[in-house]
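Working notes, beginning with the structure itself.
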Amino acid sequence: MDRRLEKGKATRDTLIQTARSLFGEHGYDGTSIEQILQASGVARGALYHHFSSKEELFDAVLDREVATIADAAATAARAASDPVASLKAGCATWLRHALDPAVQRIALLDSPAVVGWTRWREIDEQHTLGRLRANIKRIADDGIVPADQVDVLTNMVLAAVAEAALVIARDDDPDAALEIGLQALDTLLTRVFAAQPAVDQKR
């Protein structure tokens, strides 16, 4: 039984990896089940054992892609010296991933139409929002922003990073757009989360 489970997991991983490559290169509409079967070497019955449709397979690819980006952002964030630097490092890592054409196609351009906004947001919340909220809560714990604004600020930062990533993905010169995007992101986060000078109580 263990061997069967391992084989099933390996087949599922192969399908996701193959679909990721094809969706990333050709887009959702430009990729067929036949192409996935041919490229993966997986039988049709085995594919439908794991995924009921191409949309469900795309959902699995998207989920893994967002998780991978979130893990990379978390690793960068942990290496930073303080909560604000941590936030900047994690968000900048996300933007840098937007240079990858496969990330652009899967995580930014095709996903809203394929899985819908609600599911797209669910995946973001599962992999990204919680970590981002924890980071901003640490900033609030340092007294830089009010604690009751943490949830709203979390959603605002996530939206800002997603929009910046879309700008990079759609630009004719993504490399130049990334540099501008990173500078704009640093400006935004610095303005919002910079430590405020202590108020002179004698005034």
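- At least one donor-acceptor pair under 3.5 Å links the side chain of Y28 to the backbone N or O of E55.
- For A46 against T11, the heavy-atom pair with the smallest separation is CB-CG2, 4.3 Å.
- The minimum heavy-atom distance between D63 and R119, with the atom names listed, is OD1-NH2, 4.2 Å.
- When only modelled atom types and interatomic distance are considered, D71 and H127 share no side-chain donor-acceptor pair under 3.5 Å.
- Looking at every heavy atom in both residues, L185 comes nearest to C91 through CD2-CB, 3.5 Å.
- In the hydrophobic cluster analysis, where Ile, Leu, Val, Met, Phe, Trp and Tyr join through side-chain heavy atoms closer than 4.5 angstrom, M156 is grouped apart from W117.
- In this structure, CD in E179 is found 9.0 Å from CD1 in I168, a value given to the nearest 0.5 Å.
- The backbone N or O of A73 lies less than 3.5 Å from no partner atom in the side chain of T93, so there is not a single donor-acceptor pair.
- The side-chain heavy atoms of L87 and L132, taken from C-beta on, include a pair separated by under 4.5 Å.
- Side-chain atoms of E65 never come within 3.5 Å of backbone atoms of A107 as a donor-acceptor pair (strictly under, hydrogens ignored).
- Taking both residues in full, the closest heavy atoms of Q104 and A98 are given as NE2-O, 2.7 Å, listed atom of the first, atom of the second, then distance.
- At a threshold of 4.5 Å between non-hydrogen side-chain atoms, the residues S111 and I106 do not count as touching.
- Between E6 and R3 there is no salt bridge, since no side-chain N of the basic residue sits under 4.0 Å from a carboxylate O of the acidic one.
- Other residues, nucleotides and ligands contribute only 12 or fewer heavy atoms inside 6.0 Å of the CD atom of Q38.
- Here the closest heavy-atom approach between residue A140 and residue A147 is recorded as CB-CA, 4.1 Å.
- Here Q149 contributes atom CD and I139 contributes atom CD1; the two are 12.5 Å apart, rounded to the nearest 0.5 Å.
- Put simply, the side chain of D171 never gets that close to the backbone of A177: no donor and acceptor are under 3.5 Å apart.
- Hydrophobic clustering keeps L109 apart from L57 (ILVMFWY residues linked when any side-chain heavy atoms are closer than 4.5 Å, directly or through intermediates).
- Remark: side-chain polar atoms of D59 are not paired, donor with acceptor, to backbone N or O of V115 under 3.5 angstrom.
- Between D13 and K9 there is a salt bridge, since a side-chain N of the basic residue sits under 4.0 Å from a carboxylate O of the acidic one.
- Linking Ile, Leu, Val, Met, Phe, Trp and Tyr residues whenever their side-chain heavy atoms come within less than 4.5 Å places L182 and F193 in a single cluster.
- Note that CD of Q17 is 6.0 Å distant from CZ of R64, once rounded to the nearest 0.5 Å.
- Using a 4.5 Å heavy-atom cutoff, the side chains of I33 and F51 are not in contact.
- Between the side chain of T31 and the main chain of G27, a donor-acceptor pair closer than 3.5 Å is present.
- Formation of a donor-acceptor pair under 3.5 Å by the D142 side chain with backbone atoms of I144 is not found in this model.
- Although no hydrogens or angles enter the test, the distance criterion places a donor-acceptor pair under 3.5 Å between the side chain of N155 and the main chain of D151.
- Under the 4.5 Å side-chain criterion, counting only non-hydrogen atoms from C-beta, D124 is not in contact with L129.
- Between the side chains of K54 and S32, not a single donor N or O lies within less than 3.5 Å of an accepting N or O.
- Taking a cutoff of 4.0 Å between a charged side-chain nitrogen and a carboxylate oxygen, D100 and R20 qualify as a salt bridge.
- Looking at heavy atoms from C-beta onward, V114 lies out of side-chain contact with W120 at the 4.5 angstrom threshold.
- In terms of heavy atoms, A165 sits closest to L95 at N-CD2, 3.6 Å.
- Distance check: F58 CZ to I16 CD1 gives 12.5 Å after rounding to the nearest 0.5 Å.
- Atom CG of L47 sits about 9.5 Å away from atom OG of S53, to the nearest 0.5 Å.
- Note on V145 and V157: same hydrophobic cluster, where clusters join Ile, Leu, Val, Met, Phe, Trp and Tyr whose side-chain heavy atoms are under 4.5 Å apart, directly or indirectly.
- Each of V66 and W94 belongs to its own hydrophobic cluster when Ile, Leu, Val, Met, Phe, Trp and Tyr are linked at side-chain heavy-atom distances under 4.5 angstrom.
- In the displayed structure, H26 atom NE2 is contacted under 6.0 Å by more than 12 heavy atoms of other residues, nucleotides or ligands.
- The side-chain heavy atoms of L62 and I123, taken from C-beta on, include a pair separated by under 4.5 Å.
- Under a 3.5 Å cut-off, the side chain of R131 and the backbone N or O of A70 do form a donor-acceptor pair.
- Here the side chains of L166 and E163 are in contact, with some heavy-atom distance below 4.5 Å.
- Looking at heavy atoms from C-beta onward, S86 lies in side-chain contact with R138 at the 4.5 angstrom threshold.
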Passes side-chain hydrogen bond (donor to acceptor under 3.5 Å, both in side chains), E56 versus S52? Steps please.
CA-CA 6 Å; E56 189 174 302; S52 63; 2.7 Å; yes

Could you walk me through whether K88 and T190 pass the side-chain hydrogen bond (donor to acceptor under 3.5 Å, both in side chains) check?
CA-CA 9 Å; K88 289 181 178 181; T190 297; 2.6 Å; yes

